[in-house]
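Taking it in order: structure first as structure tokens, then the write-up.
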Amino acid sequence: MSAPVGIDDLLERIRATYTRVDARSAYEAWQEGDALLVDIRYQALRERDGLIPGAVVVERNELEWRLDPLGSHRLPQAVSHELRVVVICNEGYASSLAAASLHALGLRRATDLTGGFQAWRAAGLPTTTAS
């Protein structure tokens, strides 16, 4: 049995397996139709800070079911394991764990947004108020 791993080490190991994207790159990929932006922040954060126009909101506890191309509860956009998904949380921590989970489902192009929604907003990219 291996020694326990702390969350900081786990995040470092997970992030070493794929390339994360910054806010501008995520925005450009979405504009080009090459990425599905998926906001996994919980409702209170969306209400407080707003939304990213065009991003699909999927609560973290539903993520795998909604993005599995083989799943019966998948989103209409989740039609292929080649789908490029950019997972967005508040600050870019939970999204790394979520991207790893999507990799385990075979979504090898899944990634996450470095710095999360806060980095998106700091970059001056579009947001809207939650309704």
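If you're wondering where the values come from, they're calculated on a predicted model, not measured in any experiment.
Ion pairing between Arg20 and Asp112 holds under the 4.0 Å rule for side-chain N and carboxylate O.
Side-chain contact between Val38 and Leu75: absent, with no pair of heavy atoms (C-beta onward) separated by less than 4.5 Å. Considering only heavy atoms from C-beta on, Arg41 comes within 4.5 Å of Asp49 through its side chain.
Side-chain heavy atoms closer than 4.5 Å link hydrophobic residues (I, L, V, M, F, W, Y) into clusters, and following such links, possibly through other members, connects Val56 to Leu102. Side-chain heavy atoms closer than 4.5 Å link hydrophobic residues (I, L, V, M, F, W, Y) into clusters, and following such links, even through other members, never connects Leu36 to Tyr27. One hydrophobic cluster, built from ILVMFWY side chains closer than 4.5 Å, holds both Val58 and Leu105. The same ILVMFWY cluster, assembled from side-chain heavy atoms under 4.5 Å apart, contains both Val5 and Ile7. Linking ILVMFWY side-chain heavy atoms closer than 4.5 Å, directly or via other members, places Leu70 and Leu107 in two distinct hydrophobic clusters.
Of the N and O atoms on the side chains of Arg121 and Thr127, not one donor lies less than 3.5 Å from an acceptor on the other residue.
Residue pairs meeting the ring-ring contact (aromatic ring centres under 6.0 Å, His included) criterion with at least one member in residues 60-119, sequence neighbours excluded: Tyr18-His103. The stretch residues 86-111 participates, sequence neighbours left out, in these salt bridge (charged side-chain N to carboxylate O under 4.0 Å, His left out) pairs: Asp34-Arg109.
Distance check, rounded to the nearest 0.5 Å: OG of Ser96 to CD of Glu12 gives 11.5 Å. Once rounded to the nearest 0.5 Å, the distance linking CD of Gln77 with CG of Leu67 reads 8.5 Å.
Of all heavy-atom pairs spanning Ala94 and Cys89, the tightest one is N-SG, 3.6 Å. Scanning both residues, Thr17 and Ile14, for their nearest heavy atoms gives OG1-O, 2.6 Å. In terms of heavy atoms, Arg15 sits closest to Gly92 at NH2-O, 2.6 Å.
Other residues, nucleotides and ligands place more than 12 heavy atoms under 6.0 Å from the CD atom of Glu59.
Side chain of Thr114 to main chain of Asp22: no donor-acceptor pair is present (N/O by atom type, distance under 3.5 Å, no hydrogens or angles).
In this structure, the side chain to side chain contact (heavy atoms under 4.5 Å, CB included) partners of Leu37, at least two apart in sequence or on a different chain, are Ala26, Trp30, Ile52, Ala55, Val86, Ile88, Trp120.
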